[in-house]
**Student:** 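Mind looking over this structure? Questions follow.
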Amino acid sequence: MDTPDNPGGQALAAVVAALTKQIEALDRTPEDLIDFDHIESTTGIPADAVRRLFAGEAVTPDELNHSFPERLKFLRRTRPRDDGKQYSGEQLAQRVGIAKPTMSALIRGDRKPNLDVNRELERIFRVSPGFFTMSGEEALVKALERVSDQVLVLSQLKGVQIEHMALRGSIAVGDDDLAQELRAALLSGLAPAAPAPDPQPEDSELRELTDTMRALPAGRRRSVMNVVRGVLGLAHDDGPEGSHPRK
C-alpha cells in the first residue's frame with residue numbers, strides 16, 4: 001500500500017507493523033489471533049484485503065475506501081431485518097424519516113447524505129459511529145487497535161495456563177466498554193493478592209463488645225446503650241412510655 005502522501009495510510013501501516021510484531025512475539029500468526037471476517041463485518045473492508053495487508057502484499061486505496069452507496073449496500077446485505085429480508089429503500093426512508101425519492105437518490109449515489117441521515121442509518125444497522133464518514137484506513141486502524149490491546153492482554157497472561165484463550169470471538173470483538181472492562185479484570189487477576197492486614201487489638205475488642213451486647217436481654221441492652229450514648233455524648237433514644245432521659 002502506497003503511503004507517502006497519505007497520513008491515514010501511514011498510520012495504518014504503522015499499526016499493522018506493530019501488531020504483526022506483537023503477534024510474532026507470541027509465536028502466533030495473524031490468522032490465529034485476528035478475526036478477519038469480523039473486521040469485514042464492522043468496517044465493510046473485505047477480509048481478503050486485510051489479510052493481504054498482514055502478508056505484506058499491495059492493497060489499493062480503492063479496496064479500503066468505499067463510497068456511501070457501496071457501504072449502504074454492504075449493510076443491507078449483511079444486516080437484514082429481523083425476518084431475514086433486506087431493507088427496501090422505502091422502509092429505510094420511513095425509518096430515517098426522509099422521502100422515498102431522497103433515499104433512492106442516496107442509494108444510487110446521486111445525492112450525498114447529511115450527518116443526521118448517516119447517524120440514523122448507523123443506528124438502524126447497529127454499526128459504530130463514523131461507519132459512513134471515516135476513511136477505510138481510519139476504520140481499520142480503530143479495529144486493529146482493539147485487537148492490539150487484546151494481544152497485549154494475551155502476552156501478559158502468557159504462562160498463566162490460559163494461553164489457549166484465543167482473541168477470536170467476544171474477547172477480541174466485543175464493544176469497547178466490555179473489552180476495556182475485561183482487560184482490567186484480567187490484568188487485576190494477574191496481580192498478587194494483597195496480604196490481609198493483621199487484626200488490630202481494638203477490632204477484637206469491638207467484636208467482643210458487640211457479641212456481649214447481642215447476648216443481653218432487650219431491657220438490659222437498652223440501659224447499657226443509654227450509658228454508652230451518655231459517655232459518647234450522643235442523644236438518647238426515647239425510653240418506654242412515661243420515662244424521660246435524665247438531664
Side-chain angles (χ1 to χ4, degrees), residues 1-3 5-13 15-16 19 30 34-54 57-148 168-170 172-179:
M1 181 174 59
D2 297 331
T3 62
D5 299 321
N6 183 353
Q10 294 172 4
L12 177 57
V15 169
V16 170
L19 182 53
I34 300 176
D35 191 336
F36 292 102
D37 291 333
H38 181 82
I39 290 178
E40 176 176 345
S41 175
T42 57
T43 65
I45 298 172
D48 176 67
V50 184
R51 284 189 173 94
R52 282 163 35 219
L53 279 175
F54 280 89
E57 300 176 10
V59 176
T60 66
D62 288 344
E63 293 181 90
L64 302 180
N65 295 284
H66 301 147
S67 66
F68 174 85
E70 291 172 324
R71 298 184 192 200
L72 182 56
K73 181 179 180 180
F74 171 81
L75 292 181
R76 293 173 70 189
R77 175 174 57 84
T78 60
R79 287 169 169 77
R81 302 176 328 203
D82 291 340
D83 61 6
K85 297 180 180 179
Q86 287 190 24
Y87 283 98
S88 67
E90 183 177 1
Q91 290 167 336
L92 286 177
Q94 292 174 344
R95 294 286 300 273
V96 174
I98 59 178
K100 180 181 175 182
T102 301
M103 178 56 70
S104 297
L106 291 173
I107 291 173
R108 293 193 305 268
D110 295 336
R111 292 187 59 167
K112 293 184 178 181
N114 59 35
L115 290 178
D116 290 337
V117 169
N118 283 333
R119 292 192 189 103
E120 190 60 24
L121 287 171
E122 288 165 353
R123 186 192 64 80
I124 292 169
F125 289 106
R126 300 176 184 177
V127 292
S128 299
F131 181 88
F132 288 106
T133 55
M134 283 194 296
S135 70
E137 290 88 353
E138 290 172 329
L140 196 50
V141 164
K142 182 178 179 180
L144 292 178
E145 282 180 341
R146 285 198 202 103
V147 179
S148 177
R168 304 173 71 93
S170 61
V173 301
D175 61 68
D176 291 341
D177 291 342
L178 178 59

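Heads up: numbering here begins at 1 and tracks the sequence.
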**Student:** Which of parallel (below 30°), tilted (30 to 60°) and perpendicular (above 60°) describes F132 and F68?
**Tutor:** tilted
**Student:** Working to the nearest 0.5 angstrom, can you tell me the gap between E122 CD and T133 OG1?
**Tutor:** 6.0 Å
**Student:** Is there a side-chain contact between I98 and L106 (heavy atoms, below 4.5 Å)?
**Tutor:** yes
**Student:** For A49 and V59, work out which heavy atoms get closest and say how close.
**Tutor:** O-CG2, 3.5 Å
**Student:** Output yes when R119 and D116 qualify as a salt bridge under the 4.0 Å nitrogen-oxygen rule, no when they do not.
**Tutor:** yes
**Student:** Got V117 and T102 here, is their nearest side-chain heavy-atom distance under 4.5 Å?
**Tutor:** no
**Student:** So, do I39 and I45 sit near enough that their side-chain heavy atoms are less than 4.5 Å apart?
**Tutor:** no
**Student:** Flag the pair Y87 / L72 as yes when at least one side-chain heavy-atom distance between them is below 4.5 Å, and no otherwise.
**Tutor:** no
**Student:** Distance from E90 atom CD to M103 atom CE, nearest 0.5 Å?
**Tutor:** 11.5 Å
**Student:** Taking C-beta and beyond as the side chain, do P46 and H66 meet within less than 4.5 Å on heavy atoms?
**Tutor:** yes
**Student:** Taking all non-hydrogen atoms of both residues into account, name the closest pair between F131 and G44 and its distance.
**Tutor:** CE1-N, 4.1 Å
**Student:** Is E145 reaching over with its side chain to a backbone N or O of V15, donor-acceptor style, under 3.5 angstrom?
**Tutor:** no
**Student:** Please give me the minimum heavy-atom distance between T43 and A139, naming the atom from each residue.
**Tutor:** CG2-O, 3.9 Å
**Student:** Above 12 or not: heavy atoms from other molecules or residues under 6.0 Å from CG of D82?
**Tutor:** no
**Student:** Do the side chains of S128 and M134 get nearer than 4.5 Å, heavy atoms only?
**Tutor:** no
**Student:** How about E40 and T78: do any of their side-chain heavy atoms sit closer than 4.5 Å?
**Tutor:** no
**Student:** Testing Q91, R76, Q86 one by one against R81 for a side-chain contact (heavy atoms from CB on, under 4.5 Å), which residue passes?
**Tutor:** Q91
**Student:** Short question: side chain of S41, backbone of D37 - any donor-acceptor pair under 3.5 Å?
**Tutor:** no
**Student:** Are the side chains of R95 and R123 in contact, using a 4.5 Å heavy-atom criterion?
**Tutor:** yes
